[in-house]
Asks: 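Quick one: this structure, given as structure tokens, is what I'll be asking you about.
In what follows, every heavy atom counts, from backbone to side chain, and hydrogens, waters and symmetry copies are set aside. Naming convention: chains lettered A, B, ... in sequence-line order (proteins, then strands); numbering from 1 in each chain.
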Amino acid sequence: MEKGMISVDRWEEGSQAYFLSHLHADHTLGLSPVWNHGPLYCTRITARLIPPKFPGFDLSLLRIVDVGRWYPLSLVSVSSGSETNAQFMAIDANHCPGAVMYLFRGEFGTMLYTGDFRWELTCKIAQMGKKMLLSALKNDKVDTLYIDNTYCNPSYSFPTREVAAQQVVNIINSYPEHDIIIGVDTLGKEDLLLYISKMLNLKIWVWPERLQTMHLLGLHDNFTTKTTLTRVRAVPRYSFSVETLEGLNTMRPTIGIMPSGFSWGLKKVGSKDEYSGHFLKETEMDIDFHRNIRNRYTNNIEKHHQYIYTVPYSDHSCFPEIVEFVKFLCPNNVKGIVSSSLSYIDPCYHLRNIYGTSSLYQKHLIEEERERVEGICKSTSDNFTEEKRKKKKDKKVSFVLNV
DNA sequence: GCGATCAGTT
DNA sequence: CACAACTGATCGC
């Protein structure tokens with residue numbers, strides 16, 4: 001086994017093939033207009049979005065992949081010089097436009113890297129993904145699953161995006177005379193905006209760069225940059241704040257809507273202290289608990305300010321979906337690709353009940369013991385905070401496949 | 001002047 | 001408060 005033949009969402013020199021799951025900034029750290037470390041595999045949609053994000057990028061490096069078919073990958077062992085053959089398949093990740101998971105198969109075993117993904121089986125795209133995984137894996141087991149563990153904590157649960165989208169429409173309908181602003185990023189949530197546009201039969205204002213993105217995605221009819229045409233505007237999330245809303249309300253009555261999976265757990269479970277103790281020390285966290293949380297909060301809309309609503313519209317899998325996904329695959333190993341805050345806890349900790357007294361959790365305990373011995377794990381809350389702060393500085397995402 | 005990293009924001 | 005995702009300031013050359 002050698003290091004560094006394949007990189008996924010990592011861009012340092014030294015790999016023979018580079019895979020990009022999707023074009024969000026936290027997966028492209030290290031990519032730049034002058035990057036040229038090797039062939040870059042991505043979907044056609046992602047490829048189309050690269051030039052505006054990285055002007056001057058060498059497009060001859062791109063290798064376009066379609067979902068649902070195996071591609072050969074010829075790799076050379078750095079030490080022995082011998083060739084080894086592998087295959088990979090891209091599967092729609094149901095996250096943002098162009099986003100895929102990558103399934104790899106070779107003498108190193110079978111690995112699945114989900115990238116950011118939403119395992120929402122009421123959605124056709126996820127159903128298709130499931131079919132592709134089933135037919136690709138046949139009787140193979142996934143040896144290592146690298147999973148989007150953003151919300152891999154039982155506190156996180158939210159409804160389907162269709163339900164959340166209808167909640168947004170309901171809010172807008174309940175303010176027929178108001179302007180509406182919706183916080184979005186540079187990519188993603190297009191389906192939400194389309195749903196609003198179609199249900200309310202209006203165009204949605206977006207900022208000029210965002211309109212260009214919409215056009216590259218083939219969306220020409222539902223968006224505009226002319227403010228006078230519409231009362232609904234999608235604005236960059238970083239410019240969406242209480243101050244913004246208060247400022248706008250001095251001119252016209254305006255309601256802000258923030259579609260997001262976050263704010264959907266901790267404070268609902270109990271006080272901060274109560275919860276900290278809970279997930280640090282509690283030893284049996286059962287599925288019933290998750291289900292109760294889900295049932296209680298699935299359809300809540302949160303109005304946390306005079307002018308602002310938060311709606312649980314998320315492009316990441318919530319905890320019950322992660323559980324469903326891991327149960328579906330029964331991988332030998334699970335590793336999280338997100339290392340920040342809550343989710344830095346080994347996902348196996350929260351997933352251990354899936355296999356009962358599973359090997360996953362045994363591995364977690366061994367890992368935990370190793371960390372304890374190395375003095376990484378601290379037991380007091382002060383030290384926990386300190387550790388959390390340090391962890392947040394860690395590089396997020398991705399892995400380097402060792403072949 | 002630049003790319004990379006840090007700090008701060010919703 | 002938290003998360004993902006982003007911007008803008010600062011650092012190092």
Side-chain angles (χ1 to χ4, degrees), chain A residues 9-13 21-37 49 53-57 93 95-96 99 115-118 148-158 181-189 207 209-210 213 234-248 256-276 278-279 297 302 304-305 307-319 322 336-345 381 384-385 388-398:
Chain A
D9 292 348
R10 294 181 63 123
W11 310 102
E12 299 98 336
E13 201 157 12
S21 67
H22 66 290
L23 253 193
H24 278 152
D26 50 341
H27 290 253
T28 56
L29 294 172
L31 260 191
S32 76
V34 299
W35 184 92
N36 65 350
H37 295 162
L49 297 170
K53 193 172 174 86
F54 301 111
F57 190 92
H95 175 64
C96 72
D116 289 348
F117 83 123
R118 178 121 197 218
D148 171 11
N149 57 316
T150 301
Y151 294 120
C152 190
N153 182 297
S155 301
Y156 287 115
S157 180
F158 19 81
I181 66 169
I182 302 167
V184 297
D185 290 318
T186 56
L187 183 64
K189 309 235 160 57
W207 63 102
E209 295 80 2
R210 198 53 158 103
T213 301
V235 304
R237 191 167 59 175
Y238 64 85
S239 72
F240 183 109
S241 66
V242 170
E243 288 69 30
T244 308
L245 265 298
E246 283 171 352
L248 287 170
I257 300 173
M258 181 57 74
S260 172
F262 97 104
S263 103
W264 278 85
L266 295 189
K267 76 179 179 185
K268 297 290 176 66
V269 172
S271 74
K272 193 183 168 197
D273 289 344
E274 187 187 328
Y275 187 68
S276 300
H278 184 66
F279 85 87
Y297 300 115
E302 192 176 339
H304 66 100
H305 180 269
Y307 304 125
I308 299 177
Y309 287 87
T310 301
V311 176
Y313 188 103
S314 171
D315 286 327
H316 294 269
S317 299
C318 63
F319 185 74
I322 291 173
I337 63 174
V338 180
S339 66
S340 68
S341 186
L342 278 177
S343 46
Y344 88 85
I345 290 176
S381 63
F384 171 69
T385 308
K388 195 164 77 167
R389 193 186 59 73
K390 276 189 286 190
K391 273 286 180 179
K392 272 200 97 104
K393 291 187 175 179
D394 284 355
K395 278 304 267 288
K396 168 190 188 300
V397 299
S398 78

Asks: For A:Trp11 and A:Trp35, work out which heavy atoms get closest and say how close.
Replies: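 Looking at all heavy atoms of both residues, the shortest contact is O-NE1, 2.9 Å.
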Asks: Using only side-chain N and O atoms of A:His22, determine if any of them is under 4.0 Å from OP1 or OP2 of C:dA4.
Replies: no
Asks: Find the distance A:Asn149:CG to C:dA2:C1' and express it as a whole number of Å.
Replies: 15 Å
Asks: A:His95 near the nucleic acid: base, sugar-phosphate alone, or nothing, with a heavy-atom cut-off under 4.0 Å?
Replies: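 If one applies the 4.0 Å heavy-atom cut-off, A:His95 turns out to touch the sugar-phosphate alone, with no base involved.
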Asks: Distance check needed: B:dG3 P versus A:Glu12 CD, whole Å only.
Replies: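 Roughly 18 Å, once rounded to whole Å.
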Asks: Using a heavy-atom cut-off of 4.0 Å across all strands, would you classify A:Thr186 as base, sugar-phosphate, or nothing?
Replies: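 Sugar-phosphate only.
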Asks: Would you indicate which nucleotide in C:dA2, B:dA4, C:dC6 comes nearest to any side-chain atom of A:Ser32?
Replies: B:dA4
Asks: Within the structure provided, determine whether A:Phe319 and A:Cys152 are in side-chain contact (heavy-atom separation under 4.5 Å).
Replies: yes
Asks: With a 3.5 Å cut-off and no angle check, do the side chains of A:His27 and A:Asp116 form a donor-acceptor pair?
Replies: yes
Asks: In this structure, how many angstroms lie between the C1' atom of C:dA5 and the OH atom of A:Tyr238, rounded?
Replies: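 Atom-to-atom, A:Tyr238 to C:dA5, this comes out as 11 Å.
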Asks: Rounded off to whole Å, could you give me the CG-to-P distance for the A:Leu31 and B:dC2 pair?
Replies: 20 Å
Asks: Quickly work out the A:Glu209 CD to C:dT7 C1' distance and round it to whole Å.
Replies: 13 Å
Asks: Taking atom C1' of C:dA2 as reference, at what distance in whole Å does atom CG of A:Asn153 sit?
Replies: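 Taking atom C1' of C:dA2 as the reference, CG of A:Asn153 is at 10 Å.
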Asks: How close do A:Leu31 and A:Phe57 get, heavy atom to heavy atom, and via which atoms?
Replies: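 Shortest heavy-atom contact: CD2-CE1, 4.0 Å.
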Asks: Take the protein atom CG of A:Asp116 and the nucleotide atom C1' of C:dA4, then report the distance between them rounded to whole Å.
Replies: 8 Å
Asks: Measure from CZ on A:Arg118 to P on C:dA4 and round the result to the nearest Å.
Replies: 15 Å
Asks: Strictly below 4.0 Å: does A:Thr150 bring a side-chain N or O up to OP1 or OP2 of C:dA4?
Replies: yes
